[in-house]
A.B. asks: 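What follows is a structure written as structure tokens; I'll ask about it next.
Hydrogens, waters and symmetry mates play no part in the numbers below; they use all other heavy atoms, side chains included. Both counts, for ligands and for their atoms, begin at 1 and track the order of listing. Worth saying up front: this structure is predicted, and the values here are computed from it rather than measured.
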Amino acid sequence: MSTALIVVDVQNDFCEGGALAVAGGAAVAESITRFVERTSGMYDVVVATRDWHAALPDTNDGHFAADGLPDYVTTWPVHCVAGTVGAEYHPLLSLPPGTVHVVKGESRQDYSGFSGRVVGGDGADLATVLSARGVTRVEVVGLATDHCVRATALDACGAGFDVTVLTDLTAAVAAPTAVAALTDLAVAGIGLVRSA
Ligand SMILES: [Zn+2]
């Protein structure tokens, strides 16, 4: 039985000073780095996902508010445009050698790492790559609890993996949607535990 750690969207634009900053994002980046160091060798695979959008005028299928007035529910300010500093991993995040990188949201509205593309994976999706490496369990951390962590964990569950979210290694856009997301995850049978 192999276990994967999935680090969701710890990118500059989702941390303090970014285009779509989550309060506590940089602290989560630092905490994940310490956690990865502490648990070195415990995970058979480490995966890191990134939101990786096209620049305007491509709205990424309506994901970017074309009128500049995002509702922060289904439309968002421009963020994580591929190749920009905002789309890079936060500098406080250190990933181990051999990390599997996934990009998602390429001209699309993707919240889940499982709907993205494994970098250098010849078009394989994440579920296929993990299964090929014998992974049956995944643990999910990162940003943001109420959107991409939620969607990635639910998709992992739907793909048949045993899923746990390490809640203290996540941060949310807003408290009400975070509560709703954690409820959705619990109802789906996903474990919600602290990393310590
Ligand atoms: Zn996005």
A.B. asks: Any donor-acceptor pair under 3.5 Å linking the side-chain atoms of Thr3 with those of Asp44?
C.D. replies: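 Asp44 vs Thr3: no donor-acceptor pair found between side chains.
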A.B. asks: Mind counting the protein N, O or S atoms sitting less than 2.8 Å from the Zn ion (ligand 1)?
C.D. replies: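 Every protein N, O or S atom under 2.8 Å from the Zn ion (ligand 1) counted, the figure is 4.
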A.B. asks: Taking the ring of His147 and the ring of Tyr72, is the distance between their centroids below 6.0 Å?
C.D. replies: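 Between Tyr72 and His147, the centre distance exceeds or equals 6.0 Å.
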A.B. asks: For the CZ atom on Arg38, are there more than 12 heavy atoms of other groups (residues, nucleotides or ligands in this structure) within a distance under 6.0 Å?
C.D. replies: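 For Arg38, atom CZ is crowded (more than 12 foreign heavy atoms under 6.0 Å).
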A.B. asks: Report the residue from Val165, Val28, Val22 that forms a side chain to side chain contact (heavy atoms under 4.5 Å, CB included) with Thr170.
C.D. replies: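 Single side chain to side chain contact (heavy atoms under 4.5 Å, CB included) partner of Thr170 among Val165, Val28, Val22: Val165.
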A.B. asks: Could Lys104 and Asp51 be called an ion pair, given the rule that one side-chain N must be under 4.0 Å from one carboxylate O?
C.D. replies: yes
A.B. asks: Below 30° counts as parallel, above 60° as perpendicular, anything between as tilted: where do the rings of Phe114 and Phe161 land?
C.D. replies: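 Judged by the thresholds at 30° and 60°, the geometry between Phe114 and Phe161 is tilted.
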